[in-house]
Amino acid sequence: MKIILTHEVSGLGAAGDVVDVKDGYARNYLVPRGFAIRWTKGGEKDVAQIRRARKIHEIATIEQANEIKTKLEAVKVRLAVRSGDAGRLFGSVTPADIASAIKAAGGPDVDKRRVELGSPIKTLGGHQVSVRLHPEVAAKLGIEVVAA
């Protein structure tokens, strides 16, 4: 099935790309979550609009990405969340929480879709997350989750 990506999907493409995927993957995962729309002839106009919006928010060069990477890795991020007695969280830490904590700590503004968690963060303590700034540049960021 031919689809148009509306968001960046790891391993598949960036917003505005037209890709071929298996029918079930598109029908059951990408389209319901809003990551893609079905390709149509009229959808080509949407592709141009998505690409224009992507260029505005995109980090253009590797040099810019490396500058932001050094700023990000210098920031100490502490995230206060509600937790139980044993150090388990009520829920988990989301990429949106991490993006807002980076901004609150004085770091650069990061899109929540660029924050990649290896596994869900459900405990207190130090954790490593990756922020994909450019297809070739990713910043490793240490965050400390503390009880609120």
Side-chain angles (χ1 to χ4, degrees), residues 2-22 24-37 39 43 46-148:
K2 219 174 192 184
I3 58 169
I4 302 169
L5 295 175
T6 57
H7 291 76
E8 183 175 340
V9 179
S10 190
L12 191 59
D17 291 347
V18 178
V19 294
D20 274 324
V21 296
K22 295 200 177 204
Y25 183 48
R27 204 173 31 245
N28 298 326
Y29 182 75
L30 295 173
V31 174
R33 285 177 174 74
F35 294 145
I37 56 174
W39 181 87
D46 294 337
V47 170
Q49 182 180 6
I50 291 169
R51 286 186 179 151
R52 275 197 310 272
R54 186 175 82 186
K55 281 193 184 241
I56 292 170
H57 297 292
E58 186 176 83
I59 298 171
T61 63
I62 293 176
E63 290 81 24
Q64 281 181 320
N66 284 328
E67 288 175 19
I68 294 172
K69 177 182 175 181
T70 57
K71 290 178 187 176
L72 266 178
E73 290 176 344
V75 173
K76 303 288 184 200
V77 179
R78 291 179 54 112
L79 191 61
V81 295
R82 290 184 33 201
S83 65
D85 294 333
R88 302 244 332 136
L89 304 183
F90 297 132
S92 64
V93 176
T94 64
D97 296 335
I98 294 170
S100 63
I102 291 170
K103 186 166 177 106
D109 193 15
V110 175
D111 187 12
K112 67 180 180 181
R113 292 179 293 247
R114 297 199 178 271
V115 176
E116 298 173 347
L117 302 175
S119 60
I121 298 175
K122 296 186 176 192
T123 58
L124 296 176
H127 299 279
Q128 287 279 34
V129 296
S130 177
V131 180
R132 174 93 25 216
L133 300 169
H134 190 270
E136 300 172 9
V137 179
K140 297 288 184 191
L141 182 66
I143 63 166
E144 185 177 350
V145 181
V146 295

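This chain uses plain numbering: 1 for the first residue, then up along the sequence. This structure is a prediction, so every number in the text was calculated from the model and none was measured. These numbers come from the heavy atoms of this one structure, side chains and all, not from hydrogens, waters or symmetry mates.
We find the CG-CZ distance between N28 and R33 to be 9.0 Å, quoted to the nearest 0.5 Å. Atom CG in L72 sits 10.0 Å away from atom OG in S130 (nearest 0.5 Å). Note that CZ of R114 and CZ of R132 are 9.5 Å apart. Values are rounded to the nearest 0.5 Å. In this structure, CZ on R113 lies 13.0 Å from CD on E116, to the nearest 0.5 angstrom. Interatomic distance, CD1 of I3 versus CG of D17, reported as 10.0 Å (0.5 Å rounding).
The aromatic rings of F35 and H7 lie perpendicular to each other, with more than 60° between the two planes, well past the 30° mark.
For the pair S92 and D97, the tightest heavy-atom approach, listed with the atom from each and the gap, is O-OD2, 4.1 Å. When all heavy atoms are compared, the tightest approach of V93 to L117 is O-CD1, 3.7 Å. Here the closest heavy-atom approach between residue A36 and residue T6 is recorded as N-OG1, 3.5 Å. Nearest approach of V137 to K69, heavy atoms of both residues: CG1-CD, 3.9 Å. The minimum heavy-atom distance linking L133 with A65 is given by the pair CD1-O, 3.5 Å. Nearest approach of K140 to Q128, heavy atoms of both residues: C-OE1, 4.5 Å.
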side-chain contact (heavy atoms from CB on, under 4.5 Å) evaluation trace for R88 with T123: CA-CA 5 Å; R88 302 244 332 136; T123 58; 4.3 Å; yes

Going through the distances and angles, do Y25 and L12 end up as a side-chain contact (heavy atoms from CB on, under 4.5 Å)? CA-CA 12 Å; Y25 183 48; L12 191 59; 4.0 Å; yes

Run the side-chain contact (heavy atoms from CB on, under 4.5 Å) test on L141 and I102 for me, step by step, so that the C-alpha distance in whole Å, both residues' side-chain angles and the decisive distance to 0.1 Å come before the verdict. CA-CA 10 Å; L141 182 66; I102 291 170; 3.4 Å; yes

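Residues I121 and I143 are in side-chain contact: their nearest non-hydrogen atoms beyond the backbone lie under 4.5 Å apart.
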